[in-house]
There are 2 protein chains.
Amino acid sequence: MSLSDLFGGDPVVLGQQARIEPTQQRSTARLSGLLDAAAVVVDEVGFDRITTAMVAERAGASIGTVYRYYPDRVAVLQALRERAVMRFRQRVVDQLKTSGPETWWDAVDCAITAFVDLYRSEAGFRIVHFADRERTPVSGSEDLQSGYFARQLAGVLAEEFGLTGGADLIFRLEVAVEMADSILSRAFQTTPNGDERFIAECRRVMHDYLVGYYGPSVVAV
Amino acid sequence: MSLSDLFGGDPVVLGQQARIEPTQQRSTARLSGLLDAAAVVVDEVGFDRITTAMVAERAGASIGTVYRYYPDRVAVLQALRERAVMRFRQRVVDQLKTSGPETWWDAVDCAITAFVDLYRSEAGFRIVHFADRERTPVSGSEDLQSGYFARQLAGVLAEEFGLTGGADLIFRLEVAVEMADSILSRAFQTTPNGDERFIAECRRVMHDYLVGYYGPSVVAV
DNA sequence: ACTTCTATGATTGAGTTCCGCTCGGTGAGC
DNA sequence: GCTCACCGAGCGGAACTCAATCATAGAAGT
């Protein structure tokens, strides 16, 4: 079981929320352009204030184009979140491959670093923390919930570092993911580059929480 | 320094987000009636789908009345959140008074219990976790952020149980509040009455996190 | 006390503006 | 020329306004 399998084979699949699957070349660029625009607008005016007209104008497209690809306003935000989550997973996979973690903690630490990096560099990344609060979790998007990510991460840790626990491991990782998400989002709430104190505390909390169950000395198999 | 002082003297102050402060008797009833209606509607249709017309109709008022008290749609939601936070604080104060906690952990445990109880009983209480994610933290509402609550709680713990630490204590409590908020909200994401497993894990996480700093044996002074 | 009287707060709901979204018409790629 | 992509005026509905109307508190008169 490879890392890229675990984290969802197709690295950056766009348009899952879209009405139609684009066939021509230019339209895929349009799609990502729309999401880029949405990301910028989200950072500028926030989630409620965003309008489809703003997204269209920022992307250099007309309002009709937005609705060609997305059924409604919230679908745009969902797609933006989807892309952000995908990019996060991809970044985790890349960093795991290059850094070659020796213990399970190195792997978890990698994920935290990737999250922080994206928060700093990627426009609209705040939306990752935002959207799961709403109800109506669209069918087919369960893999964006923290539970899914926890399952995937549990697979990696079990496979690569021999962590055991099955459902218990998944549960603890889901709790861990929720904690990390909230603390890191707090770190970026006031400080644009992220309050280092909260980030450091996040690492400590995660480490202590997981070490309590799985011990410090498990290394890669 | 009394508990009720710490948690903000006026127990239930409504209309801080309101355009005008009501003077007549009936208008305060109107205000709380509007928020009651908003709370029910939030539970029924969610945050995006809520309309001012729904709130007005549910409250037996006309649309104009809503806008007499709140400048716009989001202000209604902010006010609802404000009231929910106030009620949470009040419930914590009440439970602390009646139960007479012997250790700092009893006090923290009280707060968790109060949060869970309100999640179960109070309509629209989900909004507490929701609103702080948006930007534009309205000036004058800083006391609704987790930081303010952490400061107040730090005051209680320092005063009643002799916990030391000053700014560090406040920081750790803010981290703790963020963690508890996210885990407990996760507990209620799928299960209406709250997944007991997440709730129990929340207590354990909070306990372990704080015990690491302040030890288990501190009792009331 | 008890009743007007009135200034001001409270309420209304039709109307205005703005935004989400559609759809027929036009242009670009295969 | 056939299909996919794009446009933007227009439609429906939701957010929000405002001038007219009603209700209330408290003053003034008896």
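What you see below is based on every heavy atom in this structure, not just the backbone, and it leaves out hydrogens, waters and symmetry mates. Every chain is numbered from 1, with letters handed out A, B, ... down the list of sequences.
Using a 4.0 Å heavy-atom cutoff across all strands shown, B/T51 reaches sugar-phosphate atoms only and no base atom.
With sequence neighbours excluded, the residues satisfying salt bridge (Lys or Arg N to Asp or Glu O under 4.0 Å) with B/R203 are B/D109. A/Y119 pairs by the ring pair (Phe, Tyr, Trp, His ring centres under 6.0 Å) definition with A/F115, A/F125, A/F188, not counting sequence neighbours. Shown here are the salt bridge (Lys or Arg N to Asp or Glu O under 4.0 Å) partners of B/R91, two or more places apart in sequence or in another chain: there are none.
Separating the CD atom in A/E122 from the CG atom in A/D117 is a distance of 11.5 Å, to the nearest 0.5 Å.
Which of C/dG20, C/dT12, D/dC4 sits closest to the side chain of A/R68 comes down to D/dC4. Of the listed nucleotides (D/dA5, C/dG20, D/dC7), D/dC7 has the atom at the smallest distance from the side chain of A/R30. Comparing D/dA15, C/dG20, C/dT11 against the side chain of A/R73 picks out C/dG20 as the nearest.
Whole-Å rounding puts the A/I50 CD1 to D/dA15 C1' distance at 18 Å. One atom, CG of B/D72, and another, P of D/dA15, lie 11 Å apart when rounded to the nearest Å. A straight line from CG of A/L34 to C1' of D/dC6 spans 11 Å, rounded to a whole angstrom. Remark: C1' of C/dG20 and CG of A/L77 are 13 Å apart, rounded to the nearest angstrom. Atoms OH (B/Y67) and C1' (D/dT17) sit 10 Å apart, rounded to a whole Å. If you measure from atom CZ of B/R49 to atom C1' of C/dG20, you get 12 Å, rounded to the nearest angstrom. What separates OH of A/Y70 from P of D/dC6 is a distance of 12 Å, to the nearest Å.
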Would you list the atom pairs, donor with acceptor, under 3.5 Å between side chains in residues 192-200 of chain A and any protein atom, with sequence neighbours excluded?
residue	atom	partner	partner atom	Å
A/D195	OD1	A/R197	N	2.8
A/E196	OE2	A/R120	NH2	2.8
A/R197	NH2	B/D168	OD1	2.7

Show every donor-acceptor pair shorter than 3.5 Å between a side-chain atom in residues 170-177 of chain B and any protein atom, with sequence neighbours excluded, or say none if there are none.
residue	atom	partner	partner atom	Å
B/R172	NH1	B/Y214	OH	3.3
B/E174	OE2	A/R186	NE	2.5
B/E174	OE2	A/R186	NH2	2.9
B/E174	OE2	B/S146	OG	3.4

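Not a single donor-acceptor pair under 3.5 Å links the side chain of B/R89 to the backbone N or O of B/F149.
Near DNA chain C, defined here as any heavy-atom distance below 4.0 Å, the residues from residues 54-63 of chain A are A/I63, listed numerically.
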